[in-house]
Amino acid sequence: MTLAPPLDCPLCPRLAAFRDVQRAAHPDWYNAPVPVFGDSDAWLAIVGLAPGLQGANRTGRPFTGDFAGVLLYETLLEYGLARGSYGATPDDGLTLDGAVIVNAVRCVPPQNKPTPEEIRTCRPFLASPLEDLPNLRVVVALGQIAHQSAVKALGGRLPKARFGHGAEHDMPSGVLLLDSYHCSRYNQNTRVLSPDMFRAIFARAVEIRAMAG
């Protein structure tokens with residue numbers, strides 16, 4: 001059974017306190033650890049950083065309702081990894097095909113900055129769903145923090161797996177970790193990450209799967 005945090009997860013006191021503040025301010029928001037979203041037979045897993053305050057923390061679905069989700073879901077649709085259309089709400093009917101999305105930290109952190117201890121504490125909730133994907137072949141890490149946590153969750157070693165956009169790392173389990181800059185508003189607006197750069201990551205993931213047979 002996949003390990004998942006409870007809705008009132010107490011393991012990170014700072015995040016739990018921030019969650020309580022948001023529940024009081026926005027009682028109609030999700031305001032809980034955001035679950036994995038996608039296909040239980042996925043060959044591709046996408047690891048994000050953490051829920052956005054007005055994105056997944058509000059809607060309860062990863063990358064849903066914020067700027068980053070538009071590029072991510074449009075790209076997944078383009079490469080046949082999603083079906084339907086992205087409407088920025090959890091009831092838009094969008095489904096993933098061959099892919100799952102999970103965050104390195106399941107609860108929204110203040111200023112979108114989890115502490116190293118919070119990242120470590122939440123890592124079992126990253127490792128477990130990855131381990132429970134029997135067909136997993138490729139993991140795409142969005143940003144350096146997601147990369148570092150994914151390397152550790154997959155049994156790799158960070159000195160041998162340095163983050164870089166487009167970098168590829170063979171993990172001990174046989175899974176390949178593929179790095180991308182995060183599709184955040186900041187990275188897109190500053191052109192650190194262009195749509196073409198982002199699409200190239202998923203084109204490569206599809207190519208890797210085809211080569212593996």
Side-chain angles (χ1 to χ4, degrees), residues 2 4-5 7 18-19 22-109 111-112 114 125-126 129-130 133 135-136 138-143 146 178 180-206 209:
T2 300
L7 291 179
F18 189 61
R19 184 175 64 223
Q22 298 309 314
R23 285 177 174 176
H26 307 285
D28 56 331
W29 287 11
Y30 184 73
N31 289 318
V34 174
V36 178
F37 171 55
D39 183 353
S40 61
D41 292 325
W43 62 269
L44 172 68
I46 300 153
V47 179
L49 169 57
L53 178 60
Q54 297 188 45
N57 178 67
R58 176 173 59 85
T59 64
R61 192 177 74 180
F63 289 91
T64 299
D66 57 17
F67 190 86
V70 176
L71 179 58
L72 175 60
Y73 285 117
E74 286 181 352
T75 303
L76 295 181
L77 285 162
E78 180 178 347
Y79 285 93
L81 295 163
R83 297 183 185 276
S85 60
Y86 174 63
T89 63
D91 59 356
D92 56 16
L94 183 80
T95 60
L96 300 190
D97 187 359
V100 299
I101 304 172
V102 58
N103 284 319
V105 175
R106 297 287 195 98
C107 290
V108 61
Q111 289 80 51
N112 202 36
F125 303 123
L126 172 62
L130 296 180
L133 293 172
N135 300 316
L136 184 63
V138 181
V139 173
V140 171
L142 302 181
L178 179 57
S180 173
Y181 292 136
H182 196 283
C183 49
S184 65
R185 180 188 294 270
Y186 178 83
N187 282 348
Q188 291 186 60
N189 286 349
T190 58
R191 304 299 289 176
V192 168
L193 179 71
S194 69
D196 284 346
M197 290 170 64
F198 197 61
R199 284 193 288 266
I201 294 297
F202 289 89
R204 177 59 179 154
V206 171
R209 188 204 185 198

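These numbers were taken from a predicted model, which means no experiment stands behind them.
- Counting only heavy atoms from C-beta outward, the side chains of F67 and Q188 approach each other to under 4.5 Å.
- Here D196 pairs with R199 under the salt bridge (Lys or Arg N to Asp or Glu O under 4.0 Å) rule; sequence neighbours left out.
- Separation of atoms CD (Q111) and CZ (F18) is listed at 7.0 Å; rounding is to 0.5 Å.
- In this structure, A32 and R19 approach most closely via the heavy-atom pair CA-CD, 3.9 Å.
- In this structure, L49 and N112 have side chains that are in contact, with non-hydrogen atoms separated by less than 4.5 Å.
- Considering L72, V102, V100, I101 as possible partners of P62, the one that fulfils the side-chain contact (heavy atoms from CB on, under 4.5 Å) test is I101.
- With values rounded to the nearest 0.5 angstrom, E74 atom CD is found 11.0 Å from C183 atom SG.
- N187 contributes a side-chain N or O that, together with a main-chain N or O of H182, makes up a donor-acceptor pair within less than 3.5 Å.
- Checked by atom type and distance alone, the side chain of D66 never pairs as donor or acceptor with a backbone atom of G55 at under 3.5 Å.
- The cationic group of R106 does not satisfy the cation-pi geometry with Y30, failing either the under 6.0 Å distance to the six-membered ring centre or the 45° limit from the ring axis.
- Rounding to the nearest 0.5 angstrom, the gap separating the OH atom in Y186 from the OH atom in Y181 is 12.0 Å.
- A donor-acceptor pair is defined here as one N or O able to donate and one able to accept, closer than 3.5 Å; such a pair exists between the side chain of N31 and the backbone of H26.
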Taking distance alone, no hydrogens or angles, what donor-acceptor pairs closer than 3.5 Å link side-chain atoms of residues 34-46 to residues at least two apart or in another chain?
| residue | atom | partner | partner atom | Å |
| --- | --- | --- | --- | --- |
| D39 | OD1 | D41 | N | 2.9 |
| D39 | OD2 | G98 | N | 2.8 |

Could you walk me through whether L96 and L76 satisfy the side-chain contact (heavy atoms from CB on, under 4.5 Å) test, starting with their C-alpha distance in whole Å, then the side-chain angles of each, then the deciding distance to 0.1 Å, before giving a yes or no? CA-CA 8 Å; L96 300 190; L76 295 181; 4.0 Å; yes
Before you tell me yes or no, could you show the steps for R61 and D91 under salt bridge (Lys or Arg N to Asp or Glu O under 4.0 Å), namely the whole-Å CA-CA distance, both residues' side-chain angles and the distance that decides it to 0.1 Å? CA-CA 10 Å; R61 192 177 74 180; D91 59 356; over 6 Å; no
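- At least one side-chain heavy atom of I201 sits under 4.5 Å from a side-chain heavy atom of V140.
- Using modelled atom types, no side-chain atom of T64 and backbone atom of P90 make a donor-acceptor pair closer than 3.5 Å.
- Residues T75 and Y79 form a side-chain contact, since some pair of their non-hydrogen atoms from C-beta on lies under 4.5 Å apart.
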